[in-house]
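Take a look at the structure below.
Throughout, numbering of the chain's residues begins at 1 and tracks the sequence.
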Amino acid sequence: MKKMFTGWLAVIMVLMFPAFAAADAAEGDVIITLGENLTEAQKQQVLNEMNAPQNAQTITVSNAEEHKYLDGLIPKAQIGTKAISSSMITIGAEGSGLDVETHNITWVTKEMYTNALITAGVKDAKIYITAPFPVSGTAALTGLMKAYEISSDKVIPEDVKKVANEEMVKTAQLAKSIGNEQAVALLAKIKEEIAKNPPQTDADMRALIERVAKDLGITLTPDEMNSLISLFNKMKNLNIDWNEVNDQLNKAKEKLSAFLQSEEGKTFIQNIIDILKEIWQAIKSAFTSEPQK
C-alpha cells in the first residue's frame, strides 16, 4: 500500500511542478505545432479538437527533426518516417506551472512529457498533445520545445534538447519493467535529490539512484542502473540551475499539500482507499470461502 501511495503522490508532484514564465512570453499566447505529414483533413481534425484560436501561430515538425534528437535512443523503425503528433502550447500566468494533457498518444505519458519539458526549461504553460489516430508521440516534444522558444524568445541549447528527449525515452523504456507511475516518480525524485546535494562522482550518482529506488520500492537491473547514471551525468553537466529546480520541487510540495486538503484531493485519496478496500475484501474472500467439493 505504501509503495502504491508513494507512486501516486510522486506523479502528482511531477504534474504540479511550478515554474516562472519568461519575461518575453505573454500570458495567453498560443502556438500550434503540427506534424509535417498530416493530410489537410487531418490538420483540420486536430485543430478542431484543440479548439485552436484562428490567430494562433503555427509551426511544423518534421520527421527529420525527430531523427535528429532520437536516433541512437530508440530504433529508427519506432521513430518511423512520418511526423504526425501535434500540440498546442498556451502560455500561462507566472508561477502556474505546467498542465499537460494527451490524446491518441500511446508511448509517452503526459507525466513523461512534463518531466522532460521541465528539464528543457519549459515553464508555465498549458499543453495539449494529440494526433488524428494512435501514435507513439515522439514528434511532440521536439515541437513543444520549438514552440516554447518562439513564444518566450529564448533558445533552448541543443544539448539540453537532446537530454530532454533522452529522458523521455528512457522513462518510457523503464516504464515497461516498473510501470509508468513508478518510472516517472523515480526520475522526478532523483532530480530532487540532485538539486539538494549534487553527486560529485559516478559512485555518488550510483548511490543516490540506488537509495531513491529503494525508497520507492523499485528494483533496477544493472543495465537500467547504468543507463540512469549516464543520463543524469549528462544532465548534471548541463547549465541547469539546480537551486531553481529545488525551489520548484519545494513549491510543488506546497501545492500538493494544498491539493490534499482540498475537496478534490480528499475525493482523490478516498477513491484510492476505496479501491484498496475492495482489493482487501477480495483477498479475504479468497481465503475464507469454502473449498469446492
Side-chain angles (χ1 to χ4, degrees), residues 11 13-15 17-22 25 31 33 35 59 61-74 78-79 83 85-87 89 91 97-100 102 105 107-125 127-129 136-152 154-175 180 183-192 194-195 205 227-242 244-246 248-249 252:
V11 171
M13 284 177 62
V14 172
L15 288 172
F17 275 177
F20 298 93
I31 295 184
T33 76
I59 61 175
V61 181
S62 70
N63 184 248
E65 288 174 301
E66 288 187 80
H67 281 275
K68 177 180 178 180
Y69 296 110
L70 296 173
D71 276 352
L73 296 177
I74 56 178
Q78 187 172 353
I79 304 172
S85 51
S86 304
S87 63
I89 179 169
I91 300 301
L98 291 179
D99 180 4
V100 180
T102 64
I105 304 299
W107 194 59
V108 186
T109 68
K110 62 183 181 181
E111 294 87 2
M112 293 174 194
Y113 282 122
T114 303
N115 227 353
L117 288 165
I118 289 169
T119 296
V122 177
K123 308 166 185 178
D124 295 336
I127 292 167
Y128 186 77
I129 304 161
S136 66
T138 53
L141 182 60
T142 296
L144 286 166
M145 289 190 287
K146 285 180 65 176
Y148 188 75
E149 286 181 312
I150 292 171
S151 63
S152 65
K154 288 192 173 183
V155 175
I156 300 174
E158 286 296 300
D159 53 358
V160 174
K161 291 179 182 178
K162 289 179 180 178
V163 83
N165 273 280
E166 184 174 349
E167 179 181 359
M168 176 187 72
V169 167
K170 290 190 174 180
T171 309
Q173 291 172 336
L174 190 59
N180 288 335
V184 172
L186 177 65
L187 273 287
K189 183 63 176 176
I190 291 171
K191 282 198 270 192
E192 179 183 12
I194 290 175
M205 184 70 77
S227 179
L228 288 174
I229 291 172
S230 173
L231 171 66
F232 282 104
N233 274 336
K234 290 176 185 176
M235 211 176 283
K236 186 185 70 171
N237 293 329
L238 295 177
N239 188 26
I240 292 176
D241 185 346
W242 290 104
E244 181 179 332
V245 170
N246 194 41
Q248 291 175 9
L249 290 167

> Do L141 and V108 come within less than 4.5 Å of each other through their side chains, counting heavy atoms only?
Replying inline: no
> Quick one: does K234's side chain get under 4.5 Å of L238's, heavy atoms only?
Replying inline: no
> How long is the gap from CZ on F232 to CD1 on I190, to the nearest 0.5 Å?
Replying inline: 4.0 Å
> How close do K161 and I156 get, heavy atom to heavy atom, and via which atoms?
Replying inline: CE-O, 3.3 Å
>> So does E111 get a backbone contact from the side chain of N115, meaning a donor-acceptor N/O pair under 3.5 Å?
In response: no
> Taking side chain as C-beta onward, heavy atoms only, is K236 less than 4.5 Å from N233?
Replying inline: yes
> Do we see a donor-acceptor contact under 3.5 Å between the side chains of E66 and T138?
Replying inline: yes
> Taking K170 for the side chain and N165 for the main chain, is one N or O donor matched with an acceptor at less than 3.5 Å?
Replying inline: no
> What's the shortest heavy-atom distance between A116 and M168, and which atoms?
Replying inline: CB-CB, 4.1 Å
> Less than 4.0 Å between a side-chain N and a carboxylate O, is that true for K191 and E167?
Replying inline: yes
> How far does CG of L231 sit from CE of M205, to the nearest 0.5 angstrom?
Replying inline: 9.0 Å
>> Checking L228 against L186 for the side chain to side chain contact (heavy atoms under 4.5 Å, CB included) test, could you report, in this order, the C-alpha distance in whole Å, the side-chain angles of both residues, the deciding distance, and whether it holds?
In response: CA-CA 10 Å; L228 288 174; L186 177 65; 3.9 Å; yes
>> I'd like to know if E149 and K146 make a salt bridge, using a cut-off of under 4.0 Å between side-chain N and carboxylate O.
In response: no
> Would you find a donor on one side and an acceptor on the other, under 3.5 Å apart, between the side chain of S85 and the backbone of A140?
Replying inline: yes
> Side-chain contact, heavy-atom cut-off 4.5 Å: L70 with E166?
Replying inline: no
> Can you name the closest pair of heavy atoms from A83 and V61 and give their distance?
Replying inline: CB-O, 3.2 Å
>> Does any part of the side chain of I31, heavy atoms only, come nearer than 4.5 Å to the side chain of I91, both counted from C-beta?
In response: no
>> When you compare the side chain of L98 with that of I127, does any pair of heavy atoms fall below 4.5 Å?
In response: yes
> What's the shortest heavy-atom distance between A147 and I59, and which atoms?
Replying inline: N-CD1, 3.7 Å
> Going through the checks in order, is the side chain to side chain contact (heavy atoms under 4.5 Å, CB included) test met by K110 and Y128?
Replying inline: CA-CA 9 Å; K110 62 183 181 181; Y128 186 77; over 6 Å; no
> Side-chain donor-acceptor pair under 3.5 Å between S87 and T33, yes or no?
Replying inline: yes
> Quick one: are T114 and V184 in side-chain contact, heavy atoms under 4.5 Å?
Replying inline: no
> Do L187 and L174 come close enough that some side-chain heavy atom pair is under 4.5 Å?
Replying inline: yes
> Is a side-chain donor or acceptor of Y113 paired with a backbone partner of T102 at a separation under 3.5 angstrom?
Replying inline: no
>> How long is the straight-line distance from CD1 of I89 back to CE of M145, given to the nearest 0.5 Å?
In response: 11.0 Å
>> Pair E65, K68 - check salt bridge (charged side-chain N to carboxylate O under 4.0 Å, His left out), show working.
In response: CA-CA 5 Å; E65 288 174 301; K68 177 180 178 180; over 6 Å; no
> So which heavy atom on W107 is nearest to which on Q173, and how close?
Replying inline: CZ2-CG, 4.3 Å
